[in-house]
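For the numbers below, each heavy atom of this structure counts, side chains included, while hydrogens, waters and symmetry mates do not.
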Amino acid sequence: MALDRSEGLAETARALAAGEVTSRALVERTLARIEASQGSLNAFRIVRAEAALAEADVADRRLASPGARMPLLGVPVAVKDDMDVAGEPTAFGCCGEFPPVAEDGEAVRRLRAAGAVIIGKTNTCEFGQWPFTEGPAFGATRNPWSTEHTPGGSSGGSAAAVAAGLVPAALGSDGAGSVRIPAAWTHLVGIKPQRGRVSTWPRGESFQGITVNGTLARTVADAALLLDAASGNHAQDPHQPPPLDVSGAVGRDPGRLRIALSLKPPFTAVPARLLPEVRTRVVELAERLAALGHFVEEADPPYGQIGLTFVPRATAGIAERVGEAPFPALLDRRTRDAARLGRLLGGAPLRAARRAETALHRRIGSFFTSYDVVLAPTTAAPPPRIGALLELSGFATDRAMIAACPYAWPWNVLGWPGVNVPAGFTPDGLPVGAQLLGPANSEPLLVQVAAQLEAELRWAEKWPSPPVTARSAAA
């Protein structure tokens, strides 16, 4: 059996375990797809061709021997280039030659322990700051649904690779929507889990705790399977939530839920407006949930001035990364400006922002005594064109980001789970998404609701057309 691009993570793992295909054959085909697509998509910063083939051969020997099976044995997956993979550099979107790291990060280590073959590292913008994946270090990563548009960011390379069928699933990271935004803009399921669910070690916290590792896949079951495989903690992780079986929740009936449709953007420093073509798609999802028997009404969480707690944490995190950068002179001017602000806010303002999280948990948590789940837009707009934000000033970039993506970041401050689900397409054929949001450790409930929608809408059956490998990159 030769699996085609429509086969997802779970089906690929099943076919390998059944002996219907070899890991080497899958990896060879994956490498060929990546090579054919780099000129049009540019999803990968590093392709581990030789190492991945060697890992595939080891997996095939394990598959041929009796004994317990690992859940992803022999399956090729990708990880974002902010994650350490032994023997490879971790440039995190930056220019310059970076030394190879000695050890896998904890999330990658757990993927290997599940049997996965790490095919490569996907592109991300510089230190993951922006909802586009472009920069002088690697060029522009493009959206498989329209190569004139960005796949989003900062996990844009992972999203592009999965949406185009290069890999069945990939890890990304989410500090202000960086899994959910590209998932929305490439017609994918993207899970931002509870803080600490997937370790960010060798950093106990990433960007002062607002950034977590998450998963991108075409189906809820595949995103949950990769999440379970990557979940777990290093002994020194400061956040260690209770273990969950997220895959086991897929397909279970959640019962009749109280769902809040929240269309109002949270507090932002500059105006943000939900565009009608996105609003229509999100409201249609709300109507679908009501038709499934859920109680749905418009209501907004009591966000208050939550944005005042985000900026110190985000910019202090950038300052930390800039302080470690081997080539600070090569960094984007916007990165250097953000780092300067982060150094200014890194004392008392940062401590106050961190302390405020407890009060935010109480206030916004009280909303979940009235509602079980929040349904909100993932973005306010469809994906922008390549280059639209690349050369803007820092202030203009912030304005453009807030206008397009005002909805995702509060859940990073809270550290709670969120799941992007495909919401359909604009009249121009660009994907948009909606997010299901819940309180602490609510991943099982969120995937139950997402799976209900998937069973109705069958979004995984839709693919970019024509095949991305037949396209040439736009200038």
Side-chain angles (χ1 to χ4, degrees), residues 80-82 91-95 123-143 148-157 159 172-182 184-185 207-208 210-211 265-275 278 307-308 310-322 325 328-345 377-410 412-413 430:
K80 184 177 177 179
D81 193 29
D82 62 342
F92 203 172
C94 297
C95 291
N123 277 323
T124 173
C125 59
E126 193 170 283
F127 293 140
Q129 299 169 81
W130 305 304
F132 58 88
T133 301
E134 302 170 53
F138 58 88
T141 296
R142 296 174 181 272
N143 195 318
E148 296 178 355
H149 292 81
T150 181
S154 61
S155 304
S173 60
D174 191 314
S178 286
V179 162
R180 290 163 288 157
I181 291 166
W185 284 349
F207 291 90
Q208 292 292 319
I210 63 173
T211 295
F267 166 82
T268 55
V270 298
R273 182 175 72 91
L274 178 61
L275 295 187
V278 181
L308 299 177
F310 176 79
V311 174
R313 296 173 74 166
T315 57
I318 293 168
E320 292 167 0
R321 299 285 180 145
V322 169
L330 298 180
L331 296 173
D332 190 294
R333 68 192 185 285
R334 293 169 291 186
T335 301
R336 297 195 297 270
D337 290 345
R340 280 193 288 272
L341 178 60
R343 287 190 286 272
L344 289 173
L345 299 179
T378 301
T379 68
R385 288 184 174 271
I386 293 289
L389 284 74
L390 185 61
E391 299 297 334
L392 297 180
S393 67
F395 180 68
T397 301
D398 290 343
R399 285 183 64 93
M401 285 197 303
I402 290 169
C405 304
Y407 289 99
W409 57 269
N412 295 90
V413 173
L430 296 173

Rounded at 0.5 Å granularity, tell me how far [atom1] in [X] sits from [atom2] in [Y].
{"X": "Thr397", "Y": "Glu391", "atom1": "OG1", "atom2": "CD", "value": "9.5 Å"}
{"X": "Asp398", "Y": "Trp130", "atom1": "CG", "atom2": "CH2", "value": "10.0 Å"}
{"X": "Arg334", "Y": "Leu389", "atom1": "CZ", "atom2": "CG", "value": "7.5 Å"}
{"X": "Ile181", "Y": "Thr378", "atom1": "CD1", "atom2": "OG1", "value": "8.0 Å"}
{"X": "Cys94", "Y": "Phe127", "atom1": "SG", "atom2": "CZ", "value": "3.5 Å"}

Spell out, as yes or no, whether a donor-acceptor pair under 3.5 Å connects the side chain of [X] to the backbone of [Y].
{"X": "Arg180", "Y": "Ala408", "result": "yes"}
{"X": "Ser155", "Y": "Gly172", "result": "no"}
{"X": "Asn412", "Y": "Asp174", "result": "yes"}
{"X": "Glu126", "Y": "Asp332", "result": "yes"}
{"X": "Arg336", "Y": "Leu331", "result": "yes"}

Which atoms form the tightest heavy-atom contact between [X] and [Y], and what is the distance?
{"X": "Gly128", "Y": "Ser178", "value": "O-OG, 3.9 Å"}
{"X": "Gly156", "Y": "Pro151", "value": "O-CG, 3.7 Å"}
{"X": "Gln129", "Y": "Thr335", "value": "NE2-OG1, 2.8 Å"}
{"X": "Ala137", "Y": "Gly93", "value": "CB-O, 3.6 Å"}
{"X": "Thr315", "Y": "Ala338", "value": "CB-O, 3.6 Å"}
{"X": "Thr133", "Y": "Phe138", "value": "O-CE1, 3.7 Å"}

Determine, step by step, whether Leu341 and Val311 satisfy the side chain to side chain contact (heavy atoms under 4.5 Å, CB included) criterion, reporting the C-alpha distance in whole Å, the side-chain angles of both residues, the deciding distance to 0.1 Å, and the verdict. CA-CA 9 Å; Leu341 178 60; Val311 174; 4.3 Å; yes
Going by side-chain hydrogen bond (donor to acceptor under 3.5 Å, both in side chains), Ser173 matches just one of Thr211, Asp82, Thr124. Which one? Asp82
Exercise: do Glu134 and Thr150 side chains pair donor with acceptor under 3.5 Å: no
Side chains of Thr379 and Trp185: is there a donor and an acceptor less than 3.5 Å apart? yes
Are Ile210 and Trp409 close enough, and set up right, to give a side chain to side chain contact (heavy atoms under 4.5 Å, CB included), and what steps lead you there? CA-CA 9 Å; Ile210 63 173; Trp409 57 269; over 6 Å; no
Are any of the side-chain heavy atoms of Phe207 and Ile318 separated by less than 4.5 Å? yes
Between Ser154 and Lys80, is any pair of side-chain heavy atoms under 4.5 Å apart? yes
